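Because the structure is a prediction, the values reported are computed rather than measured. The sequence lines fix the lettering, A, B, ..., with proteins before strands; numbering per chain opens at 1.
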Protein chains: 2
Amino acid sequence: MPGLAELPDRTWQQCQIVLMFTACARPAPCLLLPIFSARPTRASTASTGFLIRMKAPHRTSITDLARALNLSPSTVSRALTGHPQVSEATKQRVRELAEQLHFQPNQLAAALRRGRSNTIGVLVPYITGHFFPEVVNGIAIEASRTGHNVMICQSNEDVRQEQRNIELLMNAQVEGILVSLASTTQDFSHFDAVRRAGTPLVFFDRIVEDMAGPYTSAVVLDDHAGAYAAVAHLAGQGYRRIAHFSGPLHLNIHRNRHQGYLDALRDHGLSAPEELVFVADLNQETGTLGMRQLLQLAEPPDAVFSSNDLAAVGAMQVLKAHGRRIPADVAVVGFSNEAFTALTEPTISSVDQRCHLMGLTAVQQLLRLLEAPGSAPLPPVVLTPELLVRASSQRL
Amino acid sequence: MPGLAELPDRTWQQCQIVLMFTACARPAPCLLLPIFSARPTRASTASTGFLIRMKAPHRTSITDLARALNLSPSTVSRALTGHPQVSEATKQRVRELAEQLHFQPNQLAAALRRGRSNTIGVLVPYITGHFFPEVVNGIAIEASRTGHNVMICQSNEDVRQEQRNIELLMNAQVEGILVSLASTTQDFSHFDAVRRAGTPLVFFDRIVEDMAGPYTSAVVLDDHAGAYAAVAHLAGQGYRRIAHFSGPLHLNIHRNRHQGYLDALRDHGLSAPEELVFVADLNQETGTLGMRQLLQLAEPPDAVFSSNDLAAVGAMQVLKAHGRRIPADVAVVGFSNEAFTALTEPTISSVDQRCHLMGLTAVQQLLRLLEAPGSAPLPPVVLTPELLVRASSQRL
DNA sequence: TTGAAAGCGCTAACAT
DNA sequence: ATGTTAGCGCTTTCAA
C-alpha cells in the first residue's frame, strides 16, 4: 500500500498562468447535501501535531445527480446543457438539485470528451507594462463576448520560453493561437507543431514578415502611417528641422516608423539629414543621450519625433534643462500613448496604438479562421493609429 | 445522421483568459510521420467557393506510440514521465518515437485522470494598470519556479463577475485560489463553494477584514507603516503643515494610510487639523481639485502626502501653476511607486508596494496550505512597503 | 423523451 | 520491467 506522502512525478509538469474572464452567464449553483464518494479518505497531521480527519471533499458529479434523481447521466447532462429534447419538468428537477448540491461541472472532463477546449491561446512577450495588458484586455473582452476562453503565456522576449509556451498551449488543447513574437525570435520551427495540428494562428503587433506558408494571418499597426501623421503634424506646425529617435532598425516597427518619418519629410519638402536620426535601444536614458547629442549640432533640430514615449520624456528633460521652451522652441512627439504622456509637463503628443482594437481584431480574425477550417489565410489587417496632439507639439 | 453544421450547445460555455508561464523544462518534441486516425474527415468549402478536403489533423497519443512500439500504454506513459522502473532502453525508444511523431501529451486528460490540475487560480480586479500586472508577474514567476500553473481572472471590480470567476476557477479544478477582492464586494457567499470543496484560499492586497472562519490566510501591505514612513520623512525634512489626500475611507487601505498619517504627525508633535485632509476618489483631477482647495486655506500646507500617485501629479501641477517651488516651498509624496513617478519633474517620492514580493509571498502561503491540507489557516503576512525618496520631497 | 453504452487520453493499482 | 484493467467526469451516438 502506498504511503501518504507519495507525490506524483513532476517530469511533465508545466507552468502556466491562466487569465480568465467571465462574460457568458450561467446561473451560479448554490447550497448543501454532500453525498460522499466511496473513494478513500485522507488523514493528515496538522503542523500543531493535531491529527485531523479529512473527509475527501467530494465534488458533486453528473452521476451523483443522476443517481439522486433516478435519471441517467445522459439525461442530466442534456438537461444541464439545455438540450431541447428534454422535458421542461425534468430540466427543472435537475437544475434544482444541481443548485442544491452546488454542482460544478468539471470543465476538464467536458473538454476532453468534446475534443474541444473552447479556449484560444495568447502568447505575448510580457504581461506587464502598458501595451500588452491593454491588448490582452481587448482580447479578453472580445473572447468573452463570443463565449471563448483565453490562455495567455508570456515569453519574456525569450525564444526558448516562446517555444515552451507554444507547447503548453498545444498541450492544453487550445483551438487557436494569437502570438506577438519575442524580439529575439529568428527561428520559427516551434510553430510547425501548430501548423501540423491544424491549429489556426494569428500574429499581432510583432509579426514575421517573411514567414512563408499559410500561417500569416496577422493584425498589425500601420506604423508608417502613425509616424507619417506625427511628422506631418510637426511640419504643419511650422517645424523645419525635425529629428527622429529610432529603435533598432532590424525590428519592423522601427523600420516602418523611420520610413514614415522620411516620407513625411520628403512630402513636405523638408530635408532629412542623417545627423538628425538617432538610433538606439529607446528608453528615458537614451532619450537624454540622444537629445544632448542633437543639441550639440551646429544646427540643432526644432522638433523631435521619437519612436517611443520614454525617450521623448528623456528628450524633454534635457530640453528643459537647456532652457529650451516646449513647444515654442522645440516640439516633441512620442509613440505609444503611454499613460504618462498625459502627466508630464508639458503633456506629450503621441501616437496611439489602438491596443484595445488590436486585441479585439485579432480575436475576430482567429474566429474567422476557426469557422472556416482549411480556408486560405486571411489577408493581414492593418490598423490605423491615431495621433493625439497634446501640448508638446502645438504652437500655432 | 447529424449535419455538418451542428454546433454544440453553448449554455455552459464560460469565458476565461489563461496566462501561462514556462519554467519547468521538458524537451520539446520535434518531427514527422502522421498516423491517421479512423475518425471521419471533414470537407469544407473555402470562401472562394473551392472545395477543400481536410484530413482531420490527428494528434499523436500515447496509445499510438504504444502500438507503434509494441508496448502497453502504461509503459509508454511511465517512460515519458521518467518512472524509475522502466528500462533505459525502453525510455530511449519511447522518447525517440515521441519526438519523431511530435507527440504532445494531452494535459486535459492527464489532469482529469490524476484528479489534480496542478493549477492555482488567481482573481484580480484588473489586469491592466501598474499594480496588478506586477503582482501577477510575481505570482507567475514563483508558481513557475515551483512547477505550478496559474489561472487568472479579472473581476473588473464587479461582484457578479467575481462570483462567476470563482465558479470558473472551481470548474477548472484549480487546487488553490489567490484573490484580491473587487472593491464592491460586501457579500462573500460565493466563497462558500471554495470552502466546501476544501480548496485553499489566500487573499492578497484587498482582503476581508471581518471575514470569519478558516479562510483568512492573507498577504497584505502594511499601509499604515508606509504612510507613517512617508509622513515621518516629511517631518524630518522640516515640513510642518502636512496635508493628506485620502481615498474613500471605507477601503481599508485608505483608512490605514490615513491612520499612519495621523500617527506620524502625532509622534512628531505636529497638529493634524481636519482642514488638511482631503478625501476623494483619487485621480489626477481630484488631485488638482484638492490642491486648489488647500491653497485657499488661510494657512496652506507646506507638504502633501497623497494616498495615490495620480493625485500627487495633479497636486504638483497646481503647485507649479501657482508658482510654488517643489520641494523648496511645498513637498509632495505619493503612494504606489507608479512608473511615472520617476518621469515627472520633479520626480515624485512615493511608497513602493512590493508588488513582486506580494505575488511571490501569496504563492508561498498557498503552497503551504496545499501541503498541509486541513491545517489551521496561516496568520496573515504583512509586507513592509518601502519609501522611495525622490526629488519632490528632499530639501535638506 | 429517456437510457445504455462507449470512449475522449491518460494514469495507477494490481497483476505478471 | 512490463502488461492488464479500470476509470477520471463528461458527452454522444444509438436504441428504446
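- Here the CG atom belonging to A:Leu366 is positioned 11.0 Å from the CD atom belonging to A:Glu142, to the nearest 0.5 angstrom.
- In this model, the phosphate group of D:dT11 is approached by a side-chain N or O of A:Ser77 to a distance below 4.0 Å at OP1 or OP2.
- Side-chain N/O atoms of A:Thr90 include one lying less than 4.0 angstrom from OP1 or OP2 on C:dT2.
- For A:Leu80 and C:dT2, the CG to P distance is 14 Å, given to the nearest whole Å.
- Remark on DNA chain C: of its neighbouring residues B:Arg78 and B:Ala109, the 5'-side contact belongs to B:Ala109, judged by nearest-heavy-atom nucleotide.
- Exactly one of B:Val363, B:Ile139, B:Leu169, B:Val174 qualifies for a side chain to side chain contact (heavy atoms under 4.5 Å, CB included) with B:Val122. That residue is B:Ile139.
- In this structure, B:Gln85 atom CD and D:dA1 atom C1' are separated by 8 Å, rounded to whole Å.
- Between the CZ atom of B:Arg116 and the P atom of D:dG9 there is a distance of 15 Å, given to the nearest Å.
- Side-chain atoms of A:Glu175 come within 3.5 Å of backbone atoms of A:Asn118 as a donor-acceptor pair (strictly under, hydrogens ignored).
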Which nucleotides of DNA chain C pair, in dot-bracket form (Watson-Crick or G-U under 3.5 Å, | meaning another strand) | ||||||||||||||||
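- Between the CD atom of B:Gln104 and the C1' atom of C:dC10 there is a distance of 15 Å, given to the nearest Å.
- For A:Asn106, taking side-chain heavy atoms from C-beta onward, the closest of the listed nucleotides C:dG3, D:dG9, D:dT2 is D:dG9.
- Each of B:Lys91 and A:Leu112 was assigned the nucleotide of DNA chain D with the nearest heavy atom; the assignment lying further toward the 5' end belongs to B:Lys91.
- Candidate nucleotides C:dT2, D:dT11, C:dG9 were compared by shortest atom distance to the side chain of A:Val86, and C:dT2 ranks first.
- The closest donor-acceptor contact from the side chain of A:Ser77 to the backbone of A:Pro73 lies at 3.5 Å or more, if one exists at all.
- At a threshold of 4.0 angstrom between heavy atoms, the contacts of B:Leu108 with the nucleic acid are absent.
- Classification of A:Arg164 and A:Glu167 as a salt-bridged pair fails, no side-chain N sitting under 4.0 Å from a carboxylate O.
- Going from atom CG of B:Leu69 over to atom C1' of D:dA1 covers 15 Å, rounded to whole Å.
- Not one side-chain nitrogen or oxygen of B:Thr75 sits closer than 4.0 Å to the OP1 or OP2 atom of D:dT2.
- Heavy atoms of B:Ser74 sit under 4.0 angstrom from at least one base atom.
- When the P atom of D:dT11 is taken as reference, atom CG of A:Leu65 falls 12 Å away, rounded to whole Å.
- The backbone N or O of A:Val202 sits nowhere less than 3.5 Å from a side-chain atom of A:Ser217 that would complete a donor-acceptor pair.
- Here the P atom of nucleotide D:dG9 and the CZ atom of A:Arg67 are 11 Å apart, to the nearest Å.
- In this structure, the CG atom of A:Leu71 is 20 Å from the P atom of D:dA16, given to the nearest Å.
- Considering every non-hydrogen atom in both A:Leu69 and A:Arg93, the closest pair reads O-NH2, 3.3 Å.
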